[in-house]
Amino acid sequence: MLKADQKDKDKLIKPLFETGRTYWVTIAILLAIIGWALYMYYRQLTLGMKVTGMQRPVYWGVYMVNFIFFIGISHAGTLISAILRVTGAEWRRPITRVAEAITAFALIVGSLQIIIDMGRPDRLLSVILNGRLQSPILWDVLSVTAYFLGSITYLYLPVIPDAALLRDNLPPYSPAWRKRLYSIMALGWRGNRTQWIRLEKAIAVMAVLIIPIAVSVHTIISWILATTVQPGWHSTIFGPYFVVGAIFSGIGALFIAMTIVRWKLKLEEYITEKQYNNLGLIFITMSAVWMYFTYAEHMIITAGQEVYEFPVLTSKLWGDYAVSFWVMVALMVVSFWIMVIPRLISKTAKRFLVFQPRFTTGAVLLAVVTGYYLVTDSTIPGLSGINPETLFFLVRGSLLVELLFVGLGVAKWFKTRLVAATTVAGVMVVIGMWLERWNIIIPTMTHPYLVSWAEYHPTITEVALTAGSVALFIFMFLVFFKLFPIISIWEVAEGRVIDAERAKVTIPMPEASGIKERLRGKGIRKARG
Amino acid sequence: MPKKNQPLSRREFLKLSAGVIGATATMGMARGLLTSLEAEEGETYLLQTSTHEEIIPTVCLMCPSGCGMLARVVDGNVVKLEGSPMHPINLGALCPKGQAAPELLYNPDRLAGPLRRVGERGSGEWEPISWSQAIEQVAEKLNGLRDAGHPERAALLYGETRGQMRKFFERFMAAVGSPNTISHDSLNIEAAKLGTLFTQGVYELPNYDLENASYVLSFGANLLEAGRVPERMVAGYSYMRRGRAERGKIVHIDPRQGVTGAKADEWIPIKPGTDAALILAIANVIIKTGQFDSDFVRNYSFGFEDFDDNGRNAVGFKSYVLANFDPRQAENITGVPATTISRIAGEFAGNPPAVAIMPGKGGLLSGNLNGLATAMAINCLNALVGSLEAPGGVLTQRYMPCPDWPDLPSDSIAEAGREAERVDGAGSFFPLGKHAYQAVADRIIEEKTYPVEVLMLYDANPVYEAPGGERFIQAFDKIPFIVSFSTFEDETAQYADLILPEPTFLERWQDDHIEGLGYPGVGLRQPVIEPLLDTMNTGDFLIEVAHAMHAPVSEAFPWEDYKSLLQDRLVDVGTDWETLQELGLWLTPGYRFSRRGNPRWIDEVIGRDRKLSPRDGYFDFYSRELSCLVADLDGDAREAMGAQVSGDAFFLPHYEPVNYEGDEAEFPYMLNVVTLMSLGPYSVAANLPTLQEISGMVVGERWGSWVELNHDLGHELGFEDKDQVWVESPFGKLKTKLRLVEGMRPDVINIPHNQGHKAIGRWAKDRGVNGLEIMNPASEPFTGLASFTNTRVKIYKA
Amino acid sequence: MHLDYPDNPLIEFLYWLINTPGLGGIMASVVGGGILLAVGATLRWISKGGQALEPEEFAYPTPALHSHEDTG
Amino acid sequence: MTNWSMVVDLDKCVACQGCSIACRFENNTPVVSPEEAALGRSILWNDVLPMPINPTEDIGEYPHSRRRYLTRPCMHCENPPCVKVCPVQATYRDEEGIVRQNYDRCIGCRFCTVACPYGVRYFNWETPSWSPEMARHLSPERVVGQGSLEGPAVRPKGVVEKCTFCIHRLQKARARAESEEREFRAEEYTPACVQTCTAKARFFGDMDDVTATASILASSPRAFRVLEDVGTHPKVIYLQEG
């Protein structure tokens, strides 16, 4: 009999057996959406792909965008948790389970997109029977299979001790099937030393193996596009660009999941600001790298004299896809801003006018007014004498300055609200990364070489199936975490022990006069004990 | 041979018993039979094909080209049509319309049998009747007219008649006693034919020896999309371009670039309706530089120099042109720079053989005599450089010899009826006119002549194809009995009392003169399969009607049916019926040029069809035929009828400014309706879904209409490509999609023809717009030609 | 076209490898099957670890466990 | 070994679209509804494109503007990007250089349609349909083998189809030569578009036969290939205008 801590029991095990109304309502809504999507898919099967907005030349549409997006999200987990495990980052412990679950479910939903996208899903088996290794689709089959199986394993291995713990600490009112489930899942886990050592070895090996597989998955997805000669896709940068984007969006998804879990299950004690802070730093890095790649990708097209690539670029910069492109850029910039700037602002910044709420409010109002004039293109009273070209720059310039001030004010507000800032950034990045996939696939598809340029508008079928996919993802998440603890109990417990051990080590503080104050000023405290 | 992936393992497969299609195989064995034998036990088929296959030659009728076709009939179904390699017009090729003809044959909207109207006219309520009932009813009506002594009150409007059909109709109506056999020529080719008659003296469209021409000037002749014989022109063009050692040059002069302008070596946008001025300016340069064919001009033409007309010094072509058409003057009229005119003139005269081409249809008709004058000018230009009846120049059409029709039985009622004025006023109200199809509606409404009591419509859909065709519906109110022979319930058939559907051209007997190459030939249209539906060849029907009528009409048609009539008529073509049936055509290949001045020149080339002026072998620069025809009208009378030049200029090719309908300030654009290669001129083509799908290739549209406007101008006016716009003329307005195109004069807009049907079938109905609806419905007072291309329009956003 | 591959058996073999339908499926099956086998074996190995004759059972991996490992 | 190839003389071509429609009736491509056609879902294995089809190049200012027209069958590339990406070898290049398509194996992933820079591959967005009357003009020919269905056979929905150079005509011509116990000659095989070409602008033949008209024309100084720079090595060779 393994004994769980009372705290873990209350916080992590009890919720598995107590289900509120909200949960069931959510499940019902999700099932309704999934049902709708199933119906729409049935229509697509019987009527053909004509129910989608895809066409010639836009042979790939939202399904493909979803595919890349979900596979990208899947990098949340396994890759992050694997990297953190391998590098021995202690703070990873409370979030590994969530991350790994995201991976497994995003992979399922992502792979499903390919089947949805196929004209002949009944011939799926043909890919195995007649698979040709020259086709990047086969590379994908290989790497996604490997990644999926690896991720499932990687999700499952740490579940074993928890399943055993659950098996032994079931509340009295739990149904019998759960006992059976946990017994089976625990694989006869006894918790003796050999098992622990073997488990940890297996996890360590998996963590190392999963990293190259994960990198390969998104590289290969990018190669599906990059191995064709279509304008805008045939780029060497795509491999790393997609991997970075995947990790980036994965962290964003992880932030959202973490926050919801933390809020709903009141796990503030487990998932602390430390996780947000540290993960946030990785996020900032990825954001910067992503922006670098994005810039590089577009920069090279701008400088190149490719007559076929240039329209793809311009359609993003000021053409049909300007909205999705600039919204993506804005989301990324703002998310970067609210992650970075609050960290740079000093606590005492309040004494500057620009950080005061009333100043920010003023800037917001002014920005709204300026924006209004800009959008409606109306004349500004009192400025009619100015040369229109000067005015053009004047209005845009002042809007920019106003927005900068708004940004500073907002950053100050976020300074003390790390979780909020991170979550908002996460949401932005998830949306932004979906748009990024859209901006990569659709403008190229609509601007091919020798087919008349086209417009692509997703139909209700595609919307339904996208909604259904998201719903399915959340549904699997909810079901899984009704069965298994959201936080790897044993890992957290191990972490507590390690923390406790570390706490015993004291670094003595130099006592030289003045130094204490100076350090304190930089936010470094004297070690306790 | 590779073993792997070898597409066909022979022994395993089938054996073929006889010939098959494929370009090389068709000539001698037009009737092939392809059967597959059983495969040996346990072996797989690689190619599965039909068990029974036949190749039957026939002649296409999707446009007036009359291309030879080989129908591939597989198990009783027509699955493919190929061009007949023997046929001189298409030489084995076939355009999209011909290729798509199986959709006409198997069109689900075809009428399944004869119908009689039961509801109100136009209500679409019909009852099926039997053919004998139909024959009886029509015969009864015609007998009734004859009994009342008014056989002229029967009228027949016809569209495309091939081979014997036109003469057959004329004979039928003559036997009944009516002069009213009215062709739709006045909508399209009549101006060109009259222009040729008044100069060269033959009432024919000129044919062009493109194969041998070095330099081709095309005046609005959209020869690569829709001429009179597009397929023939394409074949000639292709040979001129790359079939021989030296590539010929084509200059296309047209406000719209189109495919022809795009393919031509040079495209010269010209102000619409001013071609005559350009042509005469070219003639001016040629005369001034002395580059004309002086032998021809001196020895075989009339009216080049001034001449003495009963003591009056009449102005000849030379002095008229020199005085009035200096390139600088022409520049002001045409918008073509004088330098360009001079250059073109030099190239034209300096690169013999050179030929100027006139449009077979459309383009020339511009509201007043200008169209006719332009056609005359083009003929004169060809004559000036000696390109008439010369290799690389203009060829004159000859026909296969046919026996004379037997004399009509003596019939006093009919004879009296035939003497009556034509209901369309051609030859009387319109002194130069031969047919005035579109004028029929107004003249019936206004009761200009006697009432029409029986109207028959053969391939005639005036409600759709005549400008302002709605007026025909009004006119129909005054006609008690209307019979349509339409295969489909088209816009006009909707208002008929009887619809007696004719089988499609793939199911009927008909002959076809091979036109466009000059030399005689005849094609034979034969049923490639048994008629699918309860239809009847109109020829057969009218013979049956004649037989059912009282004597002497019944005696006028000693033939059992139309096929036996054809057998009788084609007895002299030089081969027997079986060979004709097997090959689908017979011809005397090779154009034989007549030497200038010899008897064949006089009999066949110059002056053949002159009625009033001498058939002396002189080409008329100054039209004697025309002057005889309008001898009754003095200068003032001519002016009253709208002529804008006075004196001798009227009889010379001249330029008349177009009288536009619509004020230029309010209606800034000229509306032009263009025929496309894809949909062609015939209404039924609009109901072939395949043709609808490819209809708008030139602008990247499918299914439906659009209006073309100059790209830069459109942007200047604030239009965006693909905007919905109204096109409004003084006669009405239409809403359609705007397409901005680069190759287009800024003062012209184009609407493609053959869309905007209100009937016919599921694919044609309510699709796009019919530009003719808003065009001027007037007729030209001298010739009775439909003068609709003088319509001005404006466009604005919808 | 002058892009033909050299007449090298290795290259020909590789081309055969990537261009033959079915091989991709076999490869995918091998990879998938291999992973499944390896995972199964690992799980079995971990599960079998429970049969070791060790009296202590650890709900969590404690320092005691680790320190023992260090020394053992 | 034969190496089938086509030459199109654009100086002769008049953009009549006879080729497109001959192809339709030879190969049973369906007509799609106007709504579908507006989405570019028309299936014309050989299409005629007004060039430039997209504003990637200038066609000049009025009155010196010049449209060009390009008739475009499948290029049957020597280095076909579509074949490389097909995961199941539903499309492949046979030993005579014809890029073929097996409707029975295609899984409808549309990778090939995306990979093809010429847009010659068409996807069946719905089940092709004809009214019972219209269905009578369908050609009964089909090329079948174990697990393969090619040629004019009516396609099911959800698969990709394309120009085959009328592969069934080649097989038919070979069978005929066989039944007549003689050598097959390259001239006996002509795709439908070449046969119907109104301007005689198309030439078809064996590129490996130096005496064939097509291969002589292919060495013309006017010869060019479309999108040569994407490295597909098309076997449809065009001859420039002028």
Side-chain angles (χ1 to χ4, degrees), chain B residues 2 4-5 7-8 10 13-16 20 22-24 44-50 74-75 77-80 82-83 92-96 99-100 102-103 106-108 224 231 234 237-238 241-242 257 259 262-263 269 677-678 689-690 693-694 697-700 702-704 710 712 742-743, chain D residues 1 9 11-12 14-18 20-22 24-26 31 34 37-38 42 48 50 59-60 62-63 65-69 94-95 131 133-134 136-146 167-176 178-179 187-188 190 195-201 242:
Chain B
K4 211 177 117 194
N5 277 337
L8 192 72
R10 282 101 181 187
F13 175 56
L14 44 94
K15 289 183 179 175
L16 299 155
V20 68
T24 53
T44 41
Y45 272 102
L46 278 171
L47 172 66
Q48 290 179 349
T49 180
S50 56
V74 161
D75 302 332
N77 295 324
V78 178
V79 302
K80 188 77 182 13
E82 302 290 356
L94 204 56
C95 82
Q99 286 287 357
E103 287 187 352
Y106 295 118
N107 205 296
L224 302 185
E231 193 46 76
V234 167
Y237 158 86
S238 144
R241 269 289 166 86
R242 290 289 169 185
Q257 189 174 53
V259 173
K263 283 286 167 184
M677 176 55 102
S678 48
T690 282
E693 194 167 290
I694 61 161
M697 179 276 292
V698 284
V699 290
R702 298 188 189 282
W703 299 83
N710 180 282
D712 295 345
E742 287 83 359
Chain D
M1 171 82 72
D9 189 342
D11 205 24
K12 288 172 125 186
V14 299
C16 73
Q17 305 184 81
S20 302
I21 304 311
R24 161 153 299 171
F25 285 85
E26 183 72 26
V31 179
S42 296
V48 180
I59 70 167
Y62 169 88
S65 55
R66 173 62 65 98
R67 270 255 175 222
R68 289 176 297 118
Y69 298 92
D94 75 12
E95 302 209 346
S131 71
E133 296 93 342
M134 286 289 207
R136 291 182 65 177
H137 75 61
L138 294 181
S139 164
E141 283 168 4
R142 58 222 297 268
V143 180
V144 294
Q146 274 183 328
I167 183 83
H168 56 291
R169 284 190 173 212
L170 171 62
Q171 306 197 344
K172 230 162 134 177
R174 284 236 167 87
R176 193 163 141 243
E178 171 74 12
S179 73
E187 304 85 72
E188 292 177 66
T190 314
Q195 187 180 350
T196 206
C197 183
T198 56
K200 306 272 180 294

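Note on naming: letters A, B, ... go to the chains in the order of the sequence lines (proteins, then strands), and numbering restarts at 1 for each one.
Among B:Thr690, B:Asn710, B:Asn107, the residue with the largest count of heavy-atom pairs under 4.5 Å with chain D is B:Thr690. Interface check for chain D: of the options B:Val699, B:Val234, B:Ile694, B:Val78, the most heavy-atom pairs under 4.5 Å are formed by B:Ile694. Taking chain D as the reference chain and counting heavy-atom pairs below 4.5 Å, the highest number among B:Pro108, B:Pro269, B:Cys95 is found for B:Pro108. Chain B forms the most heavy-atom pairs under 4.5 Å with one residue out of D:Ser20, D:Gly60, D:Ala15, D:Ala22, and that residue is D:Ala22.
The minimum heavy-atom distance linking D:Val144 with B:Gln48 is given by the pair CG2-NE2, 3.5 Å. Across all non-hydrogen atoms, the minimal contact from B:Val79 to D:Pro140 is CG1-CD, 4.3 Å. Considering all non-hydrogen atoms of both residues, D:Thr198 and B:Ala93 come closest at CA-CB, 3.3 Å. Closest heavy-atom contact between D:Tyr69 and B:Ala262: CE1-CB, 3.8 Å.
The main-chain N or O of D:Ser42 is never found under 3.5 Å from a side-chain atom of B:Glu693 such that the two would form a donor-acceptor pair. A donor-acceptor contact shorter than 3.5 Å is absent between the side chain of B:Gln99 and the backbone of D:Thr196.
Listed by chain and residue number, B:Trp703, B:Arg767 satisfy the side chain to side chain contact (heavy atoms under 4.5 Å, CB included) test with D:Pro34 (two or more places apart in sequence, or in another chain). Remark: D:Asp11 pairs with B:Arg241, B:Arg242, B:Arg247, D:Asp9, D:Arg222, D:Glu241 by the side chain to side chain contact (heavy atoms under 4.5 Å, CB included) rule, at least two apart or across chains.
Interface remark: D:Ala37 contributes backbone and side-chain atoms alike to the contact with chain B (heavy atom separation under 4.5 Å). Only the backbone of D:Cys197 comes within contact range of chain B, with heavy atoms under 4.5 Å apart. Heavy atoms of D:Ile59 lying under 4.5 Å from chain B belong exclusively to its side chain. Both the backbone and the side chain of B:Val259 come within contact range of chain D, each with at least one heavy atom under 4.5 Å from a heavy atom of that chain. With a 4.5 angstrom heavy-atom cutoff, B:Asp75 does not touch chain D via any of its atoms. Heavy atoms of B:Gln257 lying under 4.5 Å from chain D belong exclusively to its side chain. Within the 4.5 angstrom heavy-atom criterion, only side-chain atoms of B:Glu231, from C-beta onward, approach chain D. With a 4.5 Å cut-off on non-hydrogen atoms, B:Ser678 touches chain D through its side chain but not through its backbone. For chain B, no part of D:Arg68 is nearby; none of its heavy atoms comes within less than 4.5 Å.
Between the CZ atom in D:Arg67 and the CD atom in B:Glu742 there is a gap of 5.5 Å [rounded to 0.5 Å]. We find the OH-CZ distance between B:Tyr106 and D:Arg136 to be 4.5 Å, quoted to the nearest 0.5 Å. Rounding to the nearest 0.5 Å places CD of D:Glu141 at 11.0 Å from NZ of B:Lys80.
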